[in-house]
Amino acid sequence: MAEVIQQQDLMDKLTILSDAAKYDVACTSSGVERRGNGKGMGNACGAGVCHAFTSDGRCISLLKILFTNECIYDCRYCINRRSNDVPRTSFTPEEVCRLTMEFYRRNYIEGLFLSSGIVHSPDYTMGLLYETLYLLRSKYHFNGYIHIKGIPGASADVVEMVGYLCDRMSVNLELPTAEGLRQVAPNKVRQNILRPMRQIQNGIRESREYHGVSSMKARVSIDEKSYYEQMAEIEDSREHLAEDRKRIEGIKNASAVAESGWHFTAEQPKREVALPQTTRGLSNPSRYFVPAGQSTQMIIGATGETDYQIMSVSEALYQRFDMKRVFYSAFVNVNLDEQLPGVGQKPPLLREHRLYQADFLLRFYGFAAGELLSEENPNFHELLDPKCNWAVHHLELFPVEINHADYYTLLRVPGIGTKSAKRILAARKHAKLGFDDIKRLGVVLKRALYFITCGGRMMYQTKIEEGYITRHLIYNERPNQFLLEDGTKQTYEQLNFMSMLG
């Protein structure tokens, strides 16, 4: 590891630690509608993460930094891994507060995204993050949006205390499968990642049940305990959990836990009964706990998982951990590790894009991972978006009559989204809709025309045949890249208007 630079000004630290945070993905709306309270600085009303569009149409940003790029782990994909010779530095809690407040006063940001390398231990690092958030909320009265990265392996007590101060917390899954995690992050254990996820899920649920309303509300004022009393609680919890930490380390190193696959179950295996309990209930349920929900991130392309495996994991996270959002990060081989893919190659950005498209289908369109892909067809089509790809493989369900189909059937039509489907349902109560009408309602006809009828008629004479529709969909989206395969020879073909009519 490179020697830590002892004497650095704040801007030098900011340069290093903001650059080190660029691989943490969090481009999303915040999910919090907390207005200014007249006492504190800032608000979280419609505030988002990075360059995100809020519900009122604004594009806003936040300060995204690492607390430190020092790390005790040696993950092969990470630029901040222990064995890398890079400049090391750390903020102090006061420095993070100073940056956040000064940037906010200058209207550069509306919130903070704070992650960190692991320094000394997960508990110690999480304690530093807690100290930072406590100072921001109490001493500096910052009422803006805060997204913080949870540290796998930190004690449940410290995770809970941080959860009372942040708006969103995310614990990175890192790799889609446990086997992939073992290959590139041997210091990390999947149980240490899933455990805080479950704790955050239970805490959010209990907090919302207690208040009886959505958690997108004004934050209850910070506990009246002094900062030093709460820090003493952290130290006390560390002492009480010292023995458990030793047992955890023993479990980490035991070959018995080297199982394949992630286990998304609420039940703990019998061998893990010694681990700290995370379902004990909140110590202060009257305060809001992680009101904007939790998210996670997966690195795509570092290991050999298929798109089907990745989407199955995402589906399990949404269904069993109430995940607010799963982020996908195309793998960049920043360490030029020859044992990892991507040396001299571009990141798989198109694959990342397809996964995000499929993720929206899971969350908003009623699709299941098993409908989009299968073990026989494990990866998405490069030139077709997942919805079009699904539709051309299920032509027995089409065409759909616009004037009679229900909402969920309309959602399965390429070119029809949630807004346009709702507009169609509202408009057809008053008149019979034609193609010009649905175009004005927001339907993308260049995709939808192969799958719909209006008044029993298709827009053009169209063959309901997989190859024909696939070729035309690809041409409509990328006419300059339309590609046909003829054995091993690839040629381009320009379609004319008559050929499009069939």
Side-chain angles (χ1 to χ4, degrees), residues 4 13 17 20-21 24 65-73 80 82 88-100 112-140 142 146-172 187-189 192-193 195-200 203 222-249 252 275-278 280 282-284 287 289-290 294:
V4 178
K13 292 184 178 183
L17 294 174
D24 276 311
I65 54 176
L66 293 185
F67 187 90
T68 178
N69 67 342
E70 297 180 60
C71 196
I72 61 175
Y73 295 154
N80 301 310
R82 182 181 65 239
R88 306 284 178 171
T89 189
S90 300
F91 286 124
T92 66
E94 282 285 353
E95 286 173 336
V96 175
C97 294
R98 175 184 167 190
L99 282 171
T100 303
L112 172 67
F113 178 101
L114 185 60
S115 184
S116 183
I118 313 299
V119 56
H120 298 313
S121 71
D123 258 350
Y124 182 85
T125 305
M126 203 68 179
L128 290 173
L129 299 181
Y130 168 78
E131 181 179 350
T132 303
L133 266 60
Y134 187 88
L135 288 173
L136 268 176
R137 296 299 196 195
S138 59
K139 179 179 177 180
Y140 293 92
F142 181 69
I146 296 178
H147 180 160
I148 194 163
K149 287 286 184 179
I151 307 299
S155 69
D157 293 325
V158 186
V159 171
E160 180 180 335
M161 294 169 73
V162 172
Y164 286 132
L165 299 176
C166 67
D167 293 290
R168 174 169 289 179
M169 191 184 303
S170 54
V171 182
N172 284 354
N187 302 114
K188 295 184 178 179
V189 181
N192 286 351
I193 297 173
R195 185 186 299 108
M197 284 185 183
R198 183 69 71 195
Q199 178 188 356
I200 295 168
I222 293 176
D223 196 285
E224 63 276 5
K225 291 181 180 179
S226 71
Y227 160 73
Y228 296 103
E229 288 175 333
Q230 296 208 33
M231 288 305 295
E233 286 187 357
I234 291 180
E235 294 300 327
D236 184 61
S237 68
R238 288 173 181 163
E239 292 177 4
H240 282 85
L241 290 169
E243 187 176 343
D244 282 331
R245 297 254 74 83
K246 292 179 181 178
R247 285 197 288 267
I248 291 173
E249 291 301 320
K252 286 180 182 177
L275 298 181
Q277 189 179 4
T278 59
R280 65 196 187 291
L282 293 175
S283 62
N284 193 344
R287 292 164 56 196
F289 183 84
V290 193
Q294 67 169 321

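No experiment lies behind these values; they were computed from the predicted model shown.
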Aromatic plane relationship, Y130 with Y134 - under 30° parallel, 30 to 60° tilted, over 60° perpendicular:
tilted

With distance as the sole test, does R82 use its side chain to make a donor-acceptor pair with the main-chain N or O of C71 at under 3.5 Å?
no

Are F91 and L99 packed together at the side-chain level, in the sense that at least one heavy-atom pair is separated by less than 4.5 angstrom?
yes

Measure the shortest side-chain to side-chain distance between I151 and V158 over non-hydrogen atoms and say whether it is less than 4.5 angstrom.
no

Mind checking whether V119 and F67 have side chains closer than 4.5 Å, heavy atoms only?
no

Going from CG on L17 to CD on E95, what distance comes out if it is rounded to the nearest 0.5 angstrom?
9.5 Å

Member of L129, N172, L66 meeting the side chain to side chain contact (heavy atoms under 4.5 Å, CB included) criterion with S115
L66

Return yes if some donor-acceptor pair links the side-chain N/O of Y140 with the main-chain N/O of T100 below 3.5 Å, else return no.
no

Side-chain (N69) to main-chain (G117) donor-acceptor, under 3.5 angstrom:
no

Under 3.5 Å: donor-acceptor pair, side chain of E131, backbone of P93
no

OG1/T89 to CD/E70 distance, rounded to the nearest 0.5 angstrom?
7.5 Å

side-chain contact (heavy atoms from CB on, under 4.5 Å) assessment of Q294 paired with Q199
CA-CA 11 Å; Q294 67 169 321; Q199 178 188 356; over 6 Å; no

Can you tell me how far the CZ atom of R168 sits from the NZ atom of K149, to the nearest 0.5 Å?
10.5 Å

Smallest separation among heavy atoms of L135 and C97, with atom names
CB-SG, 3.7 Å

Quick check: does any side chain N or O of D167 sit under 3.5 Å from a backbone N or O of I146, one acting as donor and the other as acceptor?
yes

Please check if the side chain of R195 supplies one atom and the backbone of G153 the other of a donor-acceptor pair under 3.5 Å.
no

Spacing of K13 atom NZ and T92 atom OG1 [to the nearest 0.5 Å]:
6.0 Å

Determine yes or no for a side-chain-to-main-chain donor-acceptor pair under 3.5 angstrom, with E160 supplying the side chain and S283 the backbone.
yes

Does F142 offer a backbone N or O that forms a donor-acceptor pair with the side chain of R137 under 3.5 Å?
yes

Trace of the side-chain contact (heavy atoms from CB on, under 4.5 Å) decision for V159 with V171
CA-CA 11 Å; V159 171; V171 182; over 6 Å; no

Distance-minimising heavy-atom pair for C166 and L133
CB-CD2, 3.8 Å

For N187 and Y73, indicate whether the former's side chain and the latter's backbone hold a donor-acceptor pair under 3.5 Å.
no

What one should report as the nearest heavy-atom pair of S170 and H147 is OG-NE2, 2.9 Å

I'd like to check the side-chain hydrogen bond (donor to acceptor under 3.5 Å, both in side chains) partners of T68; sequence neighbours left out, ordered by chain and number.
S90

CD1 of I148 to CE of M126, rounded to nearest 0.5 Å, is 5.5 Å

